[in-house]
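So you know, we letter chains A, B, ... as the sequences are listed, proteins then strands, and number each from 1. Because only heavy atoms are used, hydrogens play no part in the values below, and waters and symmetry mates are left out as well, while side chains stay in.
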Amino acid sequence: MRERRVADYSALPDYGFGPKSPMWWGTLGFCALEGMGFAIACATYLYLAFVNPEWPINARPPDLLAGTLVTILLLASVVPNHILKAAAERESIRAVRIWMPVMSAFGAAPLVLRWFEFGMLNIRWDSNAYGSAVWVLLGLHTTHLITDVGDTLVLAALMWTRFGRSGKRFSDVSDNAFYWDFVVLTWLPLYVLIYWVPRL
Amino acid sequence: MHARVPRIRFAARAKLRPPDPGPCGRGNCRPATAPLAVLALAGCSGPQSALDPQGPAAERIADLFWLFTATLTTIWLLVLLGLAVAIMRARRAPLADPLALDPAFEARARRVVGILVVLTAAIVAAFTILSYGASRPLA
Amino acid sequence: MTAEAPPLDREIRDRDLDDAALRAALARTWATRSSLSGWIGEVDHKRIALRFVLTALFFLLLGGSAALVMRLQLARPESGLIGPDLYNQLFSMHGTTMMFLFAVPVMETIGLYFVPLMVGARQVAFPRLVNFAYWMFLFGGLMLWIAFLLNTGADTGWFSYVPLSSLQYSPTKRVDFWAQMVTFTEVSSLAVAVSLIVTVLKHRAPGMTLDRIPLFVWAEFVNAFVIMFAMPSVMIASTLLILDRLVETRFFETSAGGDALLWQHLFWFFGHPEVYIIFIPGTGMVSAIIATFATRPVFGYVPLVLALIATGFLSFGLWVHHMFATGLPKLGESFFTASSMLIAVPSGIQIFCWIATLWGGRPRFHTPLLFVLGFVFIFVAGGMTGVMVASVPIDLQVHDTFFVVAHFHYVLIGGAVFPLLGAIYYWFPKVTGRLMSERLGAWNFGLAFAGFNLAFFPMHILGLQGMPRRVYTYPAELGWGGLNLLATTGALMFAASFALLVVNAVTSYRSGRAAGSNPWGAGTLEWATASPPPPYNFALTPLVTSREPLWSERTALPVVTGLRVDRRETFVTSPAEARPELRDMAVEPSIWPFVAALFSGLTLFGSIYTPWAVVAGSPFIAAALVGWFWPKSAKEE
Ligand code: HEM
């Protein structure tokens with residue numbers, strides 16, 4: 001088919017932040033499907049709680065300490081996370097090099113606490129359906145944390161290589177920060193389900 | 001809540017009955033369903049058959065079944081008829097401009113499709129209510 | 001392609017080149033190296049999609065063979081061809097293969113081939129993810145079938161209800177292979193879905209506003225959302241099942257507070273949308289074919305789009321109708337009856353609009369249109385029996401009989417396979433550059449249509465006569481022999497129609513008539529480029545001014561310039577208005593997605609035997625992912 005050239009877009013930038021970038025939409029897509037996975041897992045927990053007259057089944061509710069500390073840490077991490085996001089969008093390599101390690105630490109600390117959380121559930125996964133449900137909820141979120149921390153670490157390392165200064169990389173950092181918000185957000189309903197529903 | 005599974009089919013299996021004279025012996029076999037009914041005739045009786053009700057509850061369901069079958073077969077045939085007519089009535093002239101549409105036809109088609117959609121909604125609403133009614137005594 | 005391509009060591013823009021030089025430069029930049037690493041690291045959406053489709057058709061062959069063996073066994077009463085254990089494996093392998101390894105992937109990845117072409121894009125979003133998805137799909141499917149050959153085939157049906165599938169009643173590894181295969185294929189479908197969604201949102205050609213998106217693209221787009229919200233449910237379900245079997249969690253164990261119906265809820269929350277995942281793309285194919293062969297735009301574009309979206313939403317409100325026989329609360333039953341009936345409305349809208357299109361058009365009866373006519377006949381019949389089984393009292397009569405088997409083959413084969421066959425005839429010339437034989441095509445259609453109805457119509461009656469599904473044989477006194485023989489004959493005819501398809505495809509591929517870029521005189525953008533399309537799809541990105549650009553711009557297609565040709569650049573546009581926003585870099589081929597899929601596959605396979613496989617495999621997967629995302633050269637920036 002013959003063509004006729006009617007416009008030229010040479011002046012367009014070759015990277016962008018937020019909804020301009022396909023990667024942002026891809027991240028949103030993964031948030032949606034993982035969020036759906038969490039919603040189904042939560043629904044499973046509630047379904048089991050609903051069909052069982054006794055809940056928790058044969059167990060004390062989990063101890064609050066470790067889980068609550070994780071919650072506080074995660075909520076607190078939102079602040080440096082947004083500082084990092086703003087730094088990336090300003091394309092300031094100095095600030096990004098400071099805040100990436102900070103955010104890596106904020107990701108790793110809850111993982112350490114998480115180890116103790118499993119111990120404080122006061123039930124094993126194979127004792128009964130209640131035990132299985134809390135272990136799986138906590139396990140799912142742990143997987144989520146581990147993958148995002150891994151991602152953050154790799155990206156942090158990249159910021160010290162020759163690939164760090166590119167606009168695309170800043171856009172990646174911004175998307176990573178966006179995803180972290182999602183990791184924090186998914187934890188909140190899980191926290192309520194694991195720690196507070198058994199106390200109702 | 002898990003114990004309420006009604007086992008109508010077993011009730012229907014209770015005893016054999018000689019085949020009825022008419023197509024399945026039910027008044028609901030409209031002419032449009034006759035070919036189907038003839039084919040189905042073989043299945044009208046038999047210990048496992050759902051078309052051979054042996055009690056009042058099973059009979060109500062069989063009635064519902066035939067009502068659905070008759071109505072739905074009619075609808076299906078009407079759709080196919082519409083398709084056939086569409087193909088036959090459509091113009092045969094080779095390509096002019098595919099985008100040159102006849103406004104009168106478009107307006108008429110909009111009206112007809114609109115009415116058909118409303119009819120569809122009405123039929124499924126009626127079926128929902130009928131099903132609700134037929135399953136009530138089983139609860 | 002004799003023109004001299006300019007050297008690639010500096011920034012070159014398309015606007016500075018004439019047509020021949022432009023194509024030469026693009027061919028060099030977008031070519032995949034012909035080496036093993038180029039082959040497994042493929043990022044061209046067309047080649048990956050073609051692999052997907054051919055692999056899915058291969059699984060259709062396997063699943064179809066399983067069906068034929070079943071039909072031969074059932075052809076006469078008390079047949080001793082195969083025993084109950086093999087029959088159990090066969091219907092489970094058949095159902096699982098058809099749903100997870102054939103229908104979902106084939107319908108989704110035809111979109112992977114044509115969505116970018118139809119929206120005027122050079123590439124899909126995240127092609128490496130899509131390549132990863134292909135390998136996951138292949139490994140999962142092969143694993144299931146190799147296990148079957150080793151007498152470890154799935155044998156608990158395509159929905160593997162607990163408690164039958166629990167360790168207590170299925171002590172061998174058969175169920176574990178089934179459950180892990182589900183995880184493989186769902187990861188794959190989800191990855192492709194994300195890619196398609198972002199492609200449609202961000203890679204449409206400038207000017208393709210929401211109301212200019214072709215209906216096929218709308219269908220794949222809506223479908224990708226349904227996948228995104230349905231598949232996580234079955235992944236959670238199969239994971240919980242594996243956990244129950246492997247590390248003794250108690251999700252489905254009633255004696256420990258678990259619940260067997262929980263499985264059914266999780267499965268059908270996915271399983272019903274699954275049916276729509278299979279036929280929503282089918283409706284898109286029908287719309288594309290009808291527009292082209294009625295030679296006019298589809299009547300009722302807006303209602304059709306709304307019907308697609310409504311179907312997508314409603315598909316999530318239906319799952320409980322698979323569970324009417326479990327004894328649900330009455331009010332719940334009525335709600336789900338109502339919502340199941342309601343889905344007839346958007347389906348009705350679609351059928352009426354298509355008929356109106358044909359009525360107001362100038363139909364040309366090429367093979368693709370024949371399959372669409374067959375689709376209407378079969379699919380509407382399946383919809384009618386669907387209305388019947390949505391009624392609780394009727395469902396309780398025919399539940400678990402061959403009536404249901406007949407019903408879902410009418411919807412699945414009518415709603416997906418017939419449009420698919422039409423789509424194959426329709427798009428074959430685009431993919432290969434050659435037309436298929438119309439004469440063989442008509443025979444193919446006739447045989448498929450007659451064979452299908454002969455095979456499956458009698459099953460309605462068998463079901464009403466009380467023949468249960470999933471039985472390996474039946475006593476002669478019940479009088480089911482005649483209709484079963486008829487069904488088997490039909491199945492053989494139906495199978496023969498596929499043999500004709502293969503013959504037609506192979507001979508046409510070798511020596512068919514050359515197609516040119518737009519053999520059918522169609523209106524959408526995939527027909528603007530060469531057949532087969534070059535790796536970069538379009539030398540210059542089209543500027544879209546209407547829904548059928550090739551019909552409204554009859555002299556010359558308006559295009560835009562501004563991309564670099566010394567690296568893989570594409571336009572990124574805004575989601576609603578398709579205003580150009582960025583010149584984005586498309587990625588180069590990479591072997592790491594393959595490596596990641598390989599390690600993920602080994603890990604999932606190992607986890608059938610020990611949970612420690614996950615611990616051992618994770619570092620390898622992580623390493624592969626780092627390799628995947630680590631930039632290799634400044635060119636990729
Ligand atoms: C090649 C033509 C086909 C034939 C002859 C065929 C035949 C059969 C038969 C005989 C059964 C088992 C009946 C029983 O004993 O329960 C069956 C089950 C099934 N078929 Fe097909 N089929 C065909 C194509 C398809 C296609 C294309 C799909 C999906 C897209 C499909 C999906 C299913 C499913 C989901 C089941 C249920 C399996 C289960 O019970 O777990 N079939 N089919």
Side-chain angles (χ1 to χ4, degrees), chain A residues 1-16 19-23 25-26 29-30 32-41 43-44 47-48 51-52 54-55 57-58 125-133 135-136 140 146 150-151 154-155 158 161-163 166-169, chain C residues 13 15 125-126 190 193-195 197-198 201-203 206 228-229 231-233 235-236 240 243-244 247-251 253 256-259 262 265-266 269 517-518 528 540 543 550 555-562 569 571-572 575 580-585 622 625-626 629-631 634 637:
Chain A
M1 177 144 200
R2 291 202 311 115
E3 291 165 345
R4 103 191 115 87
R5 304 184 178 193
V6 293
D8 183 80
Y9 293 113
S10 304
L12 288 177
D14 59 4
Y15 65 94
K20 278 198 172 160
S21 135
M23 192 53 89
W25 287 93
F30 275 94
L33 68 90
E34 286 163 21
M36 192 65 203
F38 277 110
I40 297 282
T44 301
Y47 179 92
L48 289 171
V51 297
N52 279 291
E54 181 200 2
W55 195 265
I57 307 173
N58 285 335
W125 66 89
D126 56 359
S127 307
N128 56 44
Y130 162 73
S132 311
W135 273 77
V136 161
L140 271 180
I146 293 178
D151 199 37
V154 173
L155 207 54
L158 262 176
T161 67
R162 68 195 163 100
F163 302 114
S166 88
K168 260 232 159 120
R169 202 67 345 92
Chain C
R13 299 275 171 158
R15 63 170 171 196
F126 321 128
L190 282 166
V194 171
S195 159
I197 288 175
V198 179
L201 286 174
K202 295 299 289 176
H203 288 284
M228 203 157 89
F229 292 113
M231 299 251 172
S233 183
M235 275 182 69
I236 298 268
L240 300 186
L243 288 176
D244 264 18
V247 297
E248 285 164 37
T249 58
R250 312 280 181 169
F251 284 102
E253 200 180 308
D259 189 78
L262 172 62
H265 280 295
L266 289 174
F269 185 78
S517 66
N518 190 2
L540 292 172
L543 178 81
L550 306 196
T555 48
L557 192 68
V559 292
V560 299
T561 56
E569 276 199 354
F571 283 115
V572 167
E581 288 182 332
L582 305 174
R583 294 178 291 117
D584 196 32
M585 266 293 294
L625 292 178
V626 172
F629 291 108
W630 199 271
E637 286 304 294

Participant: Could you tell me which portion of C/Val559 (side chain, backbone, both or neither) has an atom closer than 4.5 angstrom to a non-hydrogen atom of chain A?
Facilitator: both

Participant: On a heavy-atom basis, which atom in A/Gly37 and which in C/Ile236 lie closest, and how many Å separate them?
Facilitator: O-CD1, 3.5 Å

Participant: Would you mind checking which part of A/Leu158 comes under 4.5 Å of any heavy atom in chain C, side chain (CB onward), backbone (N, CA, C, O), both or neither?
Facilitator: both

Participant: Measure from the side-chain N and O atoms of A/Asp126 to the backbone N and O of C/Glu248, and report whether any donor-acceptor pair falls under 3.5 Å.
Facilitator: no

Participant: Using non-hydrogen atoms only, which part of C/Leu243 is less than 4.5 Å away from chain A: side chain, backbone, both, or neither?
Facilitator: side chain

Participant: So what's closer than 4.5 Å to chain A heavy atoms on C/Leu201: side chain, backbone, both or neither?
Facilitator: side chain

Participant: Please identify, among C/Leu625, C/Leu540, C/Asn518, the residue contributing the most non-hydrogen atom pairs under 4.5 Å to chain A.
Facilitator: C/Leu540

Participant: Using a cut-off of under 4.5 Å for heavy-atom pairs, which of C/Gly562, C/Ala622, C/Pro206 has the most such pairs with chain A?
Facilitator: C/Gly562

Participant: Could you measure the distance from the CE atom of C/Met235 to the CD1 atom of A/Ile40? Nearest 0.5 Å is fine.
Facilitator: 12.0 Å

Participant: For A/Thr161, is it the side chain, the backbone, both or neither that has a heavy atom under 4.5 Å from a heavy atom of chain C?
Facilitator: side chain

Participant: Set out, in order, the CA-CA distance, both residues' side-chain angles and the distance that settles side chain to side chain contact (heavy atoms under 4.5 Å, CB included) for A/Phe30 and C/Val194, then state yes or no.
Facilitator: CA-CA 7 Å; A/Phe30 275 94; C/Val194 171; 3.8 Å; yes

Participant: Crowded around C/Met231 CE? As in, over 12 foreign heavy atoms under 6.0 Å?
Facilitator: yes

Participant: Where on A/Val136 is there a heavy atom nearer than 4.5 Å to chain C: the side chain, the backbone, both, or neither?
Facilitator: side chain

Participant: Do C/Pro631 and A/Arg169 have side-chain heavy atoms sitting under 4.5 Å apart?
Facilitator: yes

Participant: Hey, could you give me the CG/OG1 distance between C/Leu266 and A/Thr44, rounded to the nearest 0.5 Å?
Facilitator: 4.5 Å

Participant: Nearest 0.5 Å please: distance from the CZ atom of C/Arg250 over to the CG atom of A/Asn128.
Facilitator: 8.5 Å

Participant: Can you name the nearest heavy-atom pair linking A/Ser21 to C/Leu582, along with the distance?
Facilitator: CA-CD1, 4.3 Å

Participant: Which pair of heavy atoms, one from A/Met36 and one from C/Phe269, lies closest together, and at what distance?
Facilitator: CE-CE2, 3.5 Å

Participant: How long is the gap from OG1 on C/Thr249 to CH2 on A/Trp135, to the nearest 0.5 Å?
Facilitator: 12.0 Å

Participant: Identify which part of A/Ile146 has an atom lying under 4.5 Å from any heavy atom of chain C, answering side chain, backbone, both or neither.
Facilitator: neither

Participant: Return the CH2 to CG distance between A/Trp125 and C/Asp244, rounded to the nearest 0.5 Å.
Facilitator: 13.5 Å

Participant: Looking only at non-hydrogen atoms, find the nearest pair between A/Trp25 and C/Pro575 and report the distance.
Facilitator: CZ2-CG, 3.5 Å

Participant: Roughly how far apart are A/Glu3 CD and C/Thr561 OG1, rounded to 0.5 Å?
Facilitator: 11.0 Å

Participant: Could you pull out the closest heavy-atom pair between A/Tyr9 and C/Pro580, with the gap in Å?
Facilitator: CZ-CG, 3.3 Å

Participant: Is A/Val154 close to C/Phe629 at the side-chain level, that is, under 4.5 Å between some pair of heavy atoms?
Facilitator: no

Participant: Can you name the residues that form a side-chain hydrogen bond (donor to acceptor under 3.5 Å, both in side chains) with A/Ser10, not counting sequence neighbours?
Facilitator: A/Asp8, C/Arg15

Participant: Write down the atom of A/Leu48, the atom of C/Gly257, and the distance for their closest heavy-atom approach.
Facilitator: CD2-O, 3.8 Å

Participant: At a heavy-atom separation under 4.5 Å, does C/Phe229 approach chain A through its side chain, its backbone, both, or neither?
Facilitator: both

Participant: Using a strict cut-off of less than 4.0 Å between a Lys/Arg side-chain nitrogen and an Asp/Glu carboxylate oxygen, indicate whether C/Asp584 and A/Lys20 qualify as a salt bridge.
Facilitator: no

Participant: Quick check on the interface: out of C/Val572, C/Leu543, C/Leu262, C/Val626, who has the most heavy-atom pairs with chain A under 4.5 Å?
Facilitator: C/Leu262

